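Working notes, structure below.
It should be emphasised that the depicted structure is a prediction, and the values quoted were computed from it without experimental measurement. As the structure lists them, so they are numbered: ligands from 1, and atoms in each ligand from 1. Counting begins at 1 with the first residue of the sequence.
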Amino acid sequence: MNKRILTGDRPTGPLHLGHYVGSLQNRVKLQHEYDTYVLIADVQALTDNFEHPEKLGENIFQVALDYLAVGLDPEKVKFVVQSMVPELAELTIYFMNLVTVATLERNPTVKEEIKQRNFVKGVPVGFWSYPISQAADITIFKADLVPVGEDQLPMIEQAREIVRRFNRLYAKVLVEPRALLGAMARLPGTDGGAKMSKSLGNCIYLGDSSEQVRKRVMSMFTDPTRIHPTDPGHVEGNPVFTYHDVFNPDKAEVEELKERYRKGTVGDVEVKQKLFAALDSFLAPIRERRAEFAAKPKRVHEIIMEGTRKGRAVAQSTMDEVRTAMKIAYKFQ
Ligand code: TRP
């Protein structure tokens with residue numbers, strides 16, 4: 001039996017280059033080797049969008065389009081809608097007994113997210129405990145590998161702890177997952193901030209038009225210490241060069257630009273124009289495939305439903321084992 005991959009995204013908007021570098025690229029690369037499930041995590045998205053649940057349906061479609069656009073093959077990869085696998089909710093409840101409140105309070109990613117969000121009435125239990133539900137996502141599929149960005153490492157660690165506890169307490173049913181980080185753990189935002197994030201408006205989306213990409217690139221944050229193109233500039237920590245490193249396949253051009261930048265013999269405009277050219281040729285085929293599938297919404301819906309059906313079958317079979325291991329598979333007839 002092939003090893004499994006499970007990973008996922010919250011359907012709160014279209015996906016961006018940060019998602020690509022962190023996780024999508026690995027999914028595309030490994031889809032032929034691993035039995036791959038990709039969870040469209042609408043239940044998790046609800047934990048901080050419960051006041052606007054109507055946003056989710058349309059975004060499930062957008063995220064599926066992004067998956068297809070980057071080259072996930074729907075014959076291989078199962079796209080699974082989280083809320084349509086109620087077994088996940090059941091497993092989450094059982095897992096709640098295996099995690100302490102103190103552990104949840106220490107999760108650095110959740111802490112950071114709570115700071116960013118403005119929970120006026122306090123932090124909802126659902127949001128605060130979503131790492132438990134994410135552990136259920138991963139383990140119900142018995143995933144061996146979880147391709148994610150760096151910010152998700154605490155979630156994988158939480159899942160591993162739960163698996164160890166479960167297997168020790170009940171029976172060795174669950175698989176301890178491993179995280180797989182992307183080519184770059186964290187792609188900075190176009191504003192030079194630590195990461196791309198929709199709420200910060202510093203993203204380049206996979207579906208952006210050429211014109212949108214050009215605007216984003218030409219207004220990117222660069223070296224703030226550099227006033228004139230003849231000033232020697234900094235390459236390290238400069239997001240324009242980070243993007244060049246990741247997306248410009250012409251390594252010789254990148255090296256030459258870096259050298260000239262350090263010496264003060266190239267302007268930011270030229271460096272950005274070359275980055276735009278590289279990014280646009282990377283994004284052009286993605287944009288094209290996205291448009292092709294967007295024109296066939298019925299086909300996309302079928303892909304989602306078929307993936308969800310197969311995903312649910314796996315989840316149901318794991319839950320049979322889980323209930324048996326926990327001695328709650330009662331036969332009262
Ligand atoms: N928390 C992930 C994110 O914000 C999304 C997600 C939900 C996920 N369930 C998952 C990722 C399971 C990996 C595995 O992007």
Side-chain angles (χ1 to χ4, degrees), residues 4-27 30 34-49 56 59-60 62-64 66-67 72 77-85 87-89 91-92 95 104 107-114 116-117 126-160 162-163 174-182 185-187 194-200 203 206 307-308 311 314-315 318:
R4 288 215 181 110
I5 278 182
L6 178 285
T7 184
D9 301 281
R10 298 179 195 174
T12 53
L15 304 181
H16 51 62
L17 292 178
H19 293 111
Y20 186 82
V21 172
S23 175
L24 293 171
Q25 192 175 28
N26 273 331
R27 302 178 200 179
L30 297 174
Y34 283 79
D35 183 21
T36 302
Y37 296 79
V38 181
L39 194 70
I40 307 182
D42 60 334
V43 177
Q44 188 176 114
L46 268 178
T47 63
D48 62 339
N49 288 276
L56 300 178
N59 283 321
I60 288 172
Q62 293 301 325
V63 166
D66 285 327
Y67 291 163
L72 290 182
V77 179
K78 279 69 77 180
F79 302 173
V80 183
V81 178
Q82 191 180 24
S83 62
M84 299 176 95
V85 183
E87 289 75 16
L88 285 168
L91 187 57
T92 301
F95 279 177
L104 283 178
N107 187 304
T109 298
V110 176
K111 273 203 222 165
E112 184 57 35
E113 287 173 334
I114 287 172
Q116 282 168 14
R117 286 163 181 72
F127 187 84
W128 179 69
S129 59
Y130 86 73
I132 304 179
S133 121
Q134 190 161 331
D137 299 343
I138 297 168
T139 55
I140 213 163
F141 290 98
K142 299 194 178 176
D144 300 280
L145 206 58
V146 191
V148 281
E150 194 181 40
D151 61 325
Q152 296 298 302
L153 290 179
M155 310 305 162
I156 316 296
E157 197 42 50
Q158 177 71 86
R160 291 168 61 89
I162 291 174
V163 167
L174 302 177
V175 174
E176 224 181 293
R178 270 190 313 122
L180 177 69
L181 290 180
R186 197 184 276 254
L187 187 73
K195 67 169 187 171
M196 278 196 181
S197 152
K198 189 166 52 88
S199 52
L200 300 174
C203 303
L206 296 169
T308 300
V314 172
T318 303

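When each of Val314, Thr318, Thr36 is checked for a side-chain contact (heavy atoms from CB on, under 4.5 Å) with Phe141, only Val314 meets the rule. Checking each of Asn26, Val148, Val146 against Leu180 for a side-chain contact (heavy atoms from CB on, under 4.5 Å) leaves exactly one that passes, namely Asn26.
Residue contact check: Arg10 has heavy atoms under 4.0 Å from atoms 4 (O) of ligand 1. Listed by number with element, the atoms of ligand 1 under 4.0 Å from a non-hydrogen atom of Leu6 are 12 (C), 14 (C). Counting atoms of ligand 1 from 1 in the listed order, those under 4.0 Å from a heavy atom of Ala41 are 7 (C).
When all heavy atoms of Ser83 and Asp42 are compared, the pair lying nearest together is OG-OD2, 2.6 Å. Closest of all the heavy-atom pairs between Met196 and Cys203 is SD-CA, 3.8 Å.
Side-chain contact between Val110 and Phe127: present, with at least one pair of heavy atoms (C-beta onward) separated by less than 4.5 Å.
Protein heavy atom at the shortest distance from atom 8 (C) of ligand 1 is Gln134 NE2, 3.4 Å. Ranking protein heavy atoms by distance to atom 15 (O) of ligand 1, first place goes to Gly8 O, 4.1 Å. Protein heavy atom at the shortest distance from atom 3 (C) of ligand 1 is Gln152 NE2, 3.8 Å.
Salt-bridge formation is not detected for the pair Asp144/Arg4: no Lys NZ or Arg NE/NH1/NH2 atom is positioned less than 4.0 Å from an Asp or Glu carboxylate oxygen.
Remark: ligand 1 and Asp9 share no N or O pair separated by less than 3.5 Å (distance only, no angle test). On a distance-only criterion, Gln44 and ligand 1 share at least one N/O pair closer than 3.5 Å.
With distances taken over non-hydrogen atoms, the option nearest atom 9 (N) of ligand 1 out of Thr12, Asp137, Asp42 is Asp137.
Under a cut-off of 6.0 angstrom, the local environment of CZ in Arg117 is crowded, with over 12 non-hydrogen atoms contributed by other residues, nucleotides or ligands.
Contact annotation for Gln82 and ligand 1: no heavy atom of the residue comes within less than 4.0 Å of the ligand.
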